[in-house]
Amino acid sequence: MKKIAIIGGDGIGPEVIAEGVRVLAWFRARRGIELDLWHLDLGAERFLRDGTTFPDDVKRAISDECAAVLLGALGDARVPGFEHARDILFGMRFGFDLYANVRPIRALADSLVPLRGRSAKDVDFVVFRENTEGIYAGIGGQLRRGTPDEIAINEDINTRKGVERIVRAAFAYARQNGRQRVHMSDKSNAMRAAHELWQRVFAEVRCEYPEIDAQHLYIDALCYELVRDPSQFDVIVTNNLFGDIVTDLGAALQGGLGVAASVSLNPEHPERVKLFEPVHGSAPKLVGLGQANPVATLLCVALLFEELGFREAAVELETAIAAAVVAGETTPDLAGSLSTRGVTDAVIARFAPG
Ligand SMILES: NC(=O)c1ccc[n+]([C@@H]2O[C@H](COP(=O)([O-])OP(=O)(O)OC[C@H]3O[C@@H](n4cnc5c(N)ncnc54)[C@H](O)[C@@H]3O)[C@@H](O)[C@H]2O)c1
């Protein structure tokens, strides 16, 4: 039995997560996958109601009992300080040391690829984003705030251990999944101290994977090449900030935020809980309209099946999602006319009877 914590979160989060839960429940009922779905009341509503963000007992239970967390999105204008989002997201990413944010970037249909002359076969790569350090580590401060002499600093934290483990995770993934090439991206020509460490680590780790074609691109060149010819990429590894940016560029290449899925995990501890999240945010303007695209969340469920060892279910689900998208059975962001629920119905209708 796999226990899965379900957190809808804010905005469209609960709407898309409800569709993910429908699909999880379908596979539990029809394919015999033993899942214990644990619904958690966390997010802005809860925070505004009683001040709760991410209680210690919940955090401990997730760590001790759960195989996965499925999280919608966090972000609500009524909580401008992001207190709840910070506690919940960082509580898991940092608290469980989920140092690899893994973003498969695969276009499901030719029509989703925005580049002239390119088709779905050209967009199929995976980004490994370092998830626990870099410029998001929270080290910094402000001096003389609000004065003309103000100083604002955030430090870019790169540890030997942190860089080495994410670079190795990218190579290991490439080897395990038959990927030919790993690109490491940094800005070592400008950030000569911090990113020279990435260069040295990359030069060492690549020797352990002689069969993998190891390449380097500065982050500016990577962005240029991703748009010019995405087909040259298999696996990309980079730091937290660059990964954040490059994965949104990747989302655009695969058809938009409505179809971008992610998992945060600790490759050195595969038994540890894994965090599955659609890449998009809470999309406040879409709330309640029934137009939020559930595909990113459904792809998260497919990724969850894959990561938890239910390979057949993962393939069945991803195949059905792709078929629905190719048939144009989509929400308006992908030029379709179906509702959030209607898209899930179109996916479920493609499963073999069971
Ligand atoms: N991981 C997270 O929880 C996360 C990520 C990004 C943003 N946020 C938060 O979400 C809030 C809104 O941020 P934003 O507007 O910059 O980003 P967003 O991802 O919510 O929206 C960006 C654009 O994409 C569209 N979009 C997003 N998801 C979609 C979906 N499933 N279907 C159809 N269209 C979709 C939106 O309508 C909007 O036009 C903010 O509070 C932000 O902090 C949270």
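Each ligand, and each atom within it, is numbered from 1 in the order the structure gives.
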Tell me which protein heavy atom sits closest to atom 1 (N) of ligand 1, plus the residue, atom name and distance to 0.1 Å. Glu277 OE1, 3.8 Å

Which residue owns the protein heavy atom closest to atom 41 (O) of ligand 1, what's the atom, and how far is it? Gly75 CA, 3.3 Å

Atom 8 (N) of ligand 1 has as its nearest protein heavy atom Gly281 CA, 3.4 Å

Stepwise, does the ring pair (Phe, Tyr, Trp, His ring centres under 6.0 Å) test hold for Phe351 with Phe27? CA-CA 10 Å; Phe351 298 150; Phe27 276 88; 5.1 Å; yes

Please indicate whether any nitrogen or oxygen in Gln291 is less than 3.5 Å from any nitrogen or oxygen in ligand 1. no

Atom 13 (O) of ligand 1 protein-contacted, heavy-atom criterion under 4.0 angstrom: no

Closest to atom 34 (N) of ligand 1 among protein heavy atoms sits Leu286 CD1, 3.4 Å

Do Phe82 and ligand 1 have an N or O pair less than 3.5 Å apart? no

Heavy-atom nearest neighbour in the protein, as seen from atom 23 (C) of ligand 1, with distance rounded to 0.1 Å: Leu257 CD1, 4.3 Å

Should you measure from each heavy atom of Val279, which atoms of ligand 1 turn up under 4.0 Å away? 5 (C)

Any heavy atom of Pro284 sitting closer than 4.0 Å to ligand 1? yes

Heavy-atom pairs closer than 4.0 Å: do any link ligand 1 to the side chain of Ile12, the backbone, both, or neither? side chain

Does the side chain of Leu98 reach to within under 4.5 Å of the side chain of Lys274, using non-hydrogen atoms? no

Enclosure of Glu150 CD (heavy-atom neighbours >12, cutoff 6.0 Å): yes

Heavy atoms of other groups near Arg311 CZ, more than 12 under 6.0 Å: no

Does the protein place any heavy atom closer than 4.0 Å to atom 19 (O) of ligand 1? yes

Within a radius of less than 6.0 Å around CZ of Arg145, do more than 12 heavy atoms belonging to other residues, nucleotides or ligands occur? no

Sequence neighbours excluded, the answer for side-chain hydrogen bond (donor to acceptor under 3.5 Å, both in side chains) partners of Ser339 is none

Among Ser282, Ala251, Gly256, Pro294, closest by heavy atom to atom 40 (C) of ligand 1 is Ser282

Under a 3.5 Å distance rule, please check whether Asp234 uses its side chain to pair with a backbone N or O of Arg179 as donor and acceptor. no

Distance-only donor-acceptor check, side chains Gln199 and Ser188, under 3.5 Å: yes

Taking atom 38 (C) of ligand 1 as the reference point, the nearest protein heavy atom with its distance: Ala283 CB, 5.0 Å

Would you please name every residue forming a side-chain contact (heavy atoms from CB on, under 4.5 Å) with Ala172, sequence neighbours left out? Gln176, Tyr209

Output yes when a protein non-hydrogen atom is found under 4.0 Å of atom 5 (C) of ligand 1, and no otherwise. yes

Counting only N and O atoms by type, is there a donor-acceptor contact under 3.5 Å from the side chain of Asp156 to the main-chain atoms of Ile135? yes

Would one find more than 12 heavy atoms of other residues, nucleotides or ligands at under 6.0 Å from atom CD of Glu271? yes

Which of the numbered atoms in ligand 1 are below 4.0 angstrom from a heavy atom of Ala292? 32 (N)

Ligand 1 atoms in contact with Ala73 (distance to a heavy atom under 4.0 Å): 3 (O)

Determine whether the side chain, the backbone, both or neither of Asp333 has a heavy atom under 4.0 Å from any heavy atom of ligand 1. side chain

Does atom CZ of Arg160 have more than 12 heavy-atom neighbours, drawn from other residues, nucleotides or ligands, at distances under 6.0 Å? yes

Of all protein heavy atoms, the one nearest atom 32 (N) of ligand 1 is Asn293 N, 2.8 Å

Under 4.0 Å and counting heavy atoms only, is there anything from the protein next to atom 16 (O) of ligand 1? no

Give me the residue, atom name and distance of the protein heavy atom closest to atom 9 (C) of ligand 1. Leu74 O, 3.3 Å

So which of Phe242, Tyr218, Phe202 actually passes ring pair (Phe, Tyr, Trp, His ring centres under 6.0 Å) with His195? Phe242

Heavy atom of Leu71, distance to ligand 1 below 4.0 Å: no

